[in-house]
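Below is one structure, written out as structure tokens; comments come after it.
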Amino acid sequence: MSGASTPTGVAVGTPDHGPADAAVALTPTVRSSVRRRRIWIGFAALLVLGAIVIFVVQGAVSGGGPRLGADNPGPTGAKALVQVLADHGVTVTDARSYDAALEGAHEGATVVLYDEYGLLGDDRLARLAMFAQRLVVVEPGFGALEVIAPGVRLAGAATGPLDDVACDVPTAQRAGSLSDGQRLLTVDDDALDAGWVGCFRDADFGHAVVFGETDGGSEIALVAAATPFENGRIAEHGNAALAIGLAGASDDLVWYLPGPGDADAEAAPTLGDLTPGWVSPMLVLAIIVVIAAGVWQGRRFGPLVAENLPVHIPARETSEGRARLYARNTARTHALDQLRIGAIQRIASVLRLPRTAHVDEVSAAAAAATGREAGAVHRLLADDAPTGDRDLVRLAADLTTLEDQVRATLAPATSHPEAGDDSAGRRP
Amino acid sequence: MAPTGRFALVLALGVVPVVVAGLAGVPEAWLALVGWLFLVIGAAAIDLSLAASPRRVALTRELPDRVRLGEPVTSVLTVQNLGSRTLRATVRDAWEPSAGVVGSNRTALTIPPAERRRLVLELLPQRRGDRRTSQVTIRSAGPLRLWSRQATLAAPGRVRVLPPFHSRAHLPSRLTRLRELDGRTPLLIRGQGTEFDSIREYVRGDDVRSIDWRATARHADPEVPGSMRLMVRTWRPERDRRIVIVADTSRTAAARIADEPRLDTAYEASLLLAALATHAGDRVDFLATDRRLRGRVHGATGPELLARMVDTMAGIDAELVEADWAIVPGQVRRVTSRHALVVLLTAADSPGSARGLLSVLPQLTARHTVVVASVADPALIDASRARGDLDEVYRAAAAERGLNDAERVGAAIRRLGALTVAAAPHELPPALADRYLELKASGKL
């Protein structure tokens, strides 16, 4: 706190120009707020640290990986199959690029191809099929079928476990049955003529596995679903037998899952190719600007101020509530009686009758004043019970009319109704 | 800490380098983005470190102590920069919303080191009572105004907003009436409620019945020896009567009738009556009560009376409790043991809520003249006349019931020996004043 001396020539209005004390700050400084919340901060840091440790440990242990990955031990991986084959002397190459797969194929290995995202272009697929001695295509896409096995088409999912082998391929015969969760392929007549054989028939819907040969003489097996190879399902029914039979047919196995690098160079340009280079950085910049603007606008200018409001109740509410109560209970007679009491009192005061006057006197006087029939006036003021809503409205209107008539007949005499009592204070 | 709009704008200007670099290639565009972010955030960090501390500030307030509702208040806050850097501040003086700050309460101030600046706000309070501010928030920007530091400082302030006393418009006409009663207009007729004022010489026009023969006999005319001067007695209304105004602040006073809470109407009526009575030479005491004594003005006269009354009234609002009328006779007795005019400002419109009042009225009417003044709801009368359709008929019936209830309560009060005044909110103060003048004229005080 510096003892500030007030310089001259400054527009100040306060008479005390001496050094002033700094106002007490209500906002805690960063340091003090950190100190006050250090337990919580420590707790949060511990949680974050723990989460990181768990994540790292889990990652190191389980690894994870893509679907049907050769080193993926998860339920959808294929580590079980690869491990078993490796233990039985099959040399397994985990090919992650097209070139590696092609190299393995050249050397006479069995190639298992699982192209989950349809990355491989038609030409590359055709070349792979041509060079590979044995090619197992797991979950072939529409494009892959067109290239490798024209005439074989996708036909949806199987209805349950399949135990009708329906062909004499030894691998399929050994398997005998397949678990639930298969997909189906159909083989049309042209394909049948070309030597394609479907196995594991699901009624007339199609086959789960299709065997055949290409023109180049390489053996092709099309397995419509990845299920028989998955760690989680391989032990069911004859899945294991089929998978081992297909993948372990030769001493060398190339396990090929195409990666993003294997997409055809001459494939259709992606969105990234079509947009200029500055679009993505600008989107990032826009997000940052929006966040900055949000913080700018959202930062509160000091705490909110509470206002202690007094209680105010609209006085009409009592009357409104009572009216709704009458309406809900259709208390027509009661409502009309209220109107009658008011009307009788006002008519009595207009006709200068005592406040305690009986309704018979008032109705007789009103009838006399207006010249209406005495019985009708009495019925209106006392006897008639409303039979319906329309009747109630009519009687209420009649009461008003009667009141107005009584007032009108006495108009000259009562032109100043309040002249009687309210001019007090004038008499000395 | 808070970024400014300028910071967001400067960040957005990064579009230019990003696009220019993007024409050269994708990596260049990313590089330009990262470079721009570093540049701007670095500038912001430097800016923030150069901003003056918003905590090293001294605050002094200049505020009027009291103001009548509806009149503007000028609030002056002097901000003195105690730090060594220029303070570029936006200042918010955190008044309550009902203090009615005119315009924005964000003020930009630039204060060089060790200097001070005045922050002038105009307030137009919207409610009576104490309107407070407890803190001042200062946002101090750096020289580039990219980021700012913010702190909230304690700087309590208070303005007491007094009831408006709109009914003072009725005061001049009532004072004229009072003067007619009072000795200032010759009043030669002796009657109830008057007391002997003086003996003076007869002038033409005086009532011959007021000639005091004994006084005439004592006054020989020095100019015409042997003859007498005719003397008359003059009379004036009684003075030094006591008036005790009791305002009911219980739940019934919270009702808003014709856009004015009952309590505010009661205050208006009390103020007009007090102003009138203090001119007439009577002594006025004011009590505000529900279950306990909420406010009391005792022993004040003249201008001080009104000042103290509005000051007491300012802070009292209706509470949602049932009034305890049993304490009222005791409170009145504590104020005066003599006969007084006791004015009860309350709601006498439903037999249920008036039961407490009716039970203590006999105690009060036994010693004092009691006037029960209550607000009548003009909306009820309107509703009772509209009978167009079924809904309106039911509403009219309910309104008639309400009017009838009020009439019954009024009759009960009158039977117990008290007087009643009931009028619409804006008519109640003059009606009560008229009733007072009437009582004064008839000597019932």
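The structure presented is a predicted model; accordingly, all values stated were derived computationally and were not measured. Lettering follows sequence order; numbering is per chain, from 1. For the numbers below, each heavy atom of this structure counts, side chains included, while hydrogens, waters and symmetry mates do not.
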Of the non-hydrogen atoms in [X] and [Y], which two are nearest, and what is the gap between them?
X	Y	value
Gly302(A)	Thr137(B)	CA-OG1, 3.4 Å
Leu285(A)	Ala12(B)	CD2-O, 4.2 Å
Val18(B)	Met282(A)	CG1-N, 4.1 Å
Ala306(A)	Glu96(B)	O-CG, 4.1 Å
Pro3(B)	Trp296(A)	O-CD1, 3.4 Å
Ala315(A)	Ile257(B)	CB-CG1, 3.4 Å

For the pair [X] and [Y], find out whether any cationic side-chain nitrogen is under 4.0 Å from an anionic carboxylate oxygen.
X	Y	answer
Arg127(B)	Glu307(A)	yes
Glu317(A)	Arg256(B)	no
Arg322(A)	Glu400(B)	no
Asp398(A)	Arg387(B)	no

Could you name the residues of residues 333-342 of chain A that have a heavy atom within less than 4.5 Å of a heavy atom in chain B?
His334(A), Ala335(A), Gln338(A), Leu339(A), Ile341(A), Gly342(A)
For [X], is it the side chain, the backbone, both, or neither that has a heavy atom closer than 4.5 Å to a heavy atom of chain A?
X	answer
Ala155(B)	neither
Asp130(B)	neither
Val19(B)	both
Leu37(B)	side chain
Glu407(B)	side chain
Leu263(B)	neither
Leu33(B)	side chain
Asp349(B)	neither
Thr90(B)	both
Trp95(B)	backbone
Arg262(B)	neither
Arg106(B)	side chain
Leu390(B)	both

Is it the side chain or the backbone of Gln297(A) that comes within 4.5 Å of chain B heavy atoms, both, or neither?
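Neither part.
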Relative to chain B, which segment of Leu309(A) carries a heavy atom at a distance below 4.5 Å: side chain, backbone, both, or neither?
both
Is the count of non-hydrogen atoms from other residues, nucleotides or ligands lying under 6.0 Å from [X] atom [atom1] greater than 12?
X	atom1	result
Asn308(A)	CG	no
Arg38(A)	CZ	no
Arg37(A)	CZ	no

With a cut-off of under 6.0 Å to the ring centre and 45° to the axis, is Arg139(B) in cation-pi contact with Phe301(A)?
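Yes, cation above the ring, under 6.0 Å and within 45°.
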Pick from Val15(B), Leu153(B), Val26(B) with the largest number of heavy-atom pairs that fall under 4.5 Å of chain A:
Leu153(B)
pair Ile288(A)-Leu11(B): side-chain heavy atoms closer than 4.5 Å:
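Ile288(A) reaches Leu11(B) side chain to side chain.
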When you compare the side chain of Val305(A) with that of Arg92(B), does any pair of heavy atoms fall below 4.5 Å?
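Side-chain contact under 4.5 Å: yes.
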Assert top hit (heavy-atom pairs under 4.5 Å, partner chain B, pool Ala293(A), Ala23(A), Ala292(A)) equals Ala23(A)
Among Ala286(A), Ser280(A), Ala343(A), Ala331(A), which has the most heavy-atom pairs under 4.5 Å with chain B?
Ser280(A)
How long is the span from the CG atom in Leu403(B) to the CZ atom in Arg346(A), to the nearest 0.5 Å?
7.5 Å
Short side-chain to backbone donor-acceptor contact, Thr152(B) and Thr27(A), under 3.5 Å
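Side chain of Thr152(B) to backbone of Thr27(A): no pair is present.
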Going through the checks in order, is the side-chain contact (heavy atoms from CB on, under 4.5 Å) test met by Arg55(B) and Thr29(A)?
CA-CA 10 Å; Arg55(B) 291 157 198 275; Thr29(A) 57; 3.5 Å; yes
